[in-house]
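A short write-up of the structure that comes next.
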Amino acid sequence: MAFKITTQDKALPCLLLLLSLTTGLVDAISVLGLGKVFTANMTGNVVFLGFATMGVPGFGVAPYIVALASFLTGAAVAGRTVNLTSSRPRSHWLLAAATIEGGLLLISAVIALDYDIATLQPAGSLYAIIALTGLAMGLRNATIRQLKVPDMTTTVLTLTLTGLAAESTLGGGSNPNWFRRIASVVAIFLGAAIGAALVTTVGLSVPLALAGGIVLLATIGLAILPRTPE
């Protein structure tokens, strides 16, 4: 039996590219505004935590523990959300996840209004933003994982770049999904660049609100598309 491709299916990669852009925004926010901590990329946090445990100046244990714990919690929430809505159309649990993720980012934007990047104060706001964005990104990663769209994780590029090179003509391959892979890299790059410009000029609230708005509006846009086969 042939699989029927719907309008939503065709639009899904576009949604994932927009979510990749928001990852660049969140990484810029966390690294530049929260004191060298990642809330979307946990590999960096594990490495930095190793530095911190050895007493390397400029690295504190607490921020990385908070980021890791909140990320794992968000992933667990996403797993629960998908299980509870597994019998419903895909757009339903995508919307549920996007509503939670977007809401967490928008709450972070409000908290960031009284946060000072230069001094990383108040400390309560610092840890609240780390926790909320970590929750949002953990939720995102686990949700996207359920979609199983090759080369579009929206947050991690290591395997994407590996596939791009290893399966290229130079690597003896046939360049599968080359456009999708390059587009993912460009999306995160653009998000990081835009995020860096915003963080260094207007602070954290605007890029956080922008990321939350993109997540919500892009997912709603996908959900309202017809599911009829094309």
Side-chain angles (χ1 to χ4, degrees), residues 2-32 36-50 64 67-68 71-72 74-76 78-79 81-82 86 90-91 93-94 97-98 101 105 133-196 211 214-215 218-219 221-222 225 230:
F3 289 101
K4 295 180 179 180
I5 304 300
T6 68
T7 305
Q8 280 191 7
D9 294 327
K10 294 179 70 175
L12 183 58
C14 295
L15 169 65
L16 299 185
L17 285 176
L18 286 172
L19 294 182
S20 297
L21 187 141
T22 65
T23 294
L25 283 170
V26 172
D27 275 340
I29 290 162
S30 61
V31 174
L32 300 177
K36 293 184 291 189
V37 60
F38 287 99
T39 55
N41 180 1
M42 292 301 109
T43 303
N45 284 334
V46 173
V47 173
F48 288 164
L49 182 60
Y64 306 118
L68 288 163
F71 185 91
L72 292 172
T81 301
V82 171
S86 59
R90 177 183 63 193
S91 58
W93 54 265
L94 277 177
E101 179 186 340
L105 293 173
T133 55
L135 280 168
M137 292 298 101
L139 183 86
R140 155 89 65 81
N141 271 268
T143 301
I144 299 305
R145 185 171 179 267
Q146 295 294 324
L147 294 175
K148 298 180 174 64
V149 179
D151 301 305
M152 300 198 80
T153 65
T154 78
T155 54
V156 181
L157 291 178
T158 302
L159 291 178
T160 301
L161 290 169
T162 300
L164 184 64
E167 298 175 2
S168 67
T169 302
L170 289 175
S174 58
N175 297 300
N177 294 333
W178 67 270
F179 181 80
R180 178 182 293 182
R181 289 166 171 172
I182 292 175
S184 296
V185 174
V186 171
I188 291 183
F189 170 82
L190 288 176
I194 294 168
I214 290 173
V215 169
T219 309
L222 177 75
L225 289 174
E230 289 196 347

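Throughout, numbering of the chain's residues begins at 1 and tracks the sequence.
Expressed to the nearest 0.5 Å, how far CG of L15 lies from CD1 of I214 amounts to 11.5 Å. The line from CZ of F38 to CG of D27 is 6.0 Å long, rounded to the nearest 0.5 Å. Here the straight-line distance linking atom OG1 of T23 with atom CE of M137 works out to 5.5 Å at 0.5 Å rounding. Taking OG1 from T22 and CG from L25, the interatomic distance works out to 6.5 Å, rounded to the nearest 0.5 Å. Expressed to the nearest 0.5 Å, how far CG of L21 lies from CG of L16 amounts to 13.0 Å. For the atom pair E101 CD and N141 CG, the distance stands at 9.0 Å (nearest 0.5 Å).
Between G163 and R181, the shortest heavy-atom distance links the atoms O-NH1, 3.0 Å. F48 and K36 get closest at one heavy-atom pair: CD1-O, 3.4 Å. Taking both residues in full, the closest heavy atoms of A78 and T143 are given as CB-OG1, 3.7 Å, listed atom of the first, atom of the second, then distance. Residues V26 and A40 come closest through the heavy atom pair CG1-CB, 4.4 Å. A218 and L18 make their closest contact through CB-CD1, 3.7 Å (heavy atoms, listed as atom of the first residue, atom of the second, distance). Closest non-hydrogen pair, L19 versus R140, comes out as O-NH1, 3.0 Å.
Counting only heavy atoms from C-beta outward, the side chains of L190 and V186 approach each other to under 4.5 Å.
Every residue two or more places apart in sequence or in another chain was checked for a side chain to side chain donor-acceptor pair (under 3.5 Å) with S20, and none qualifies. Remark: S174 engages no residue in a side chain to side chain donor-acceptor pair (under 3.5 Å) (not counting sequence neighbours).
Note on residues 15-26: no pairs pass salt bridge (charged side-chain N to carboxylate O under 4.0 Å, His left out), not counting sequence neighbours.
Remark: the backbone N or O of V37 is paired with a side-chain donor or acceptor of S30 at under 3.5 angstrom.
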side-chain contact (heavy atoms from CB on, under 4.5 Å) evaluation trace for L94 with L222:
CA-CA 9 Å; L94 277 177; L222 177 75; 3.8 Å; yes
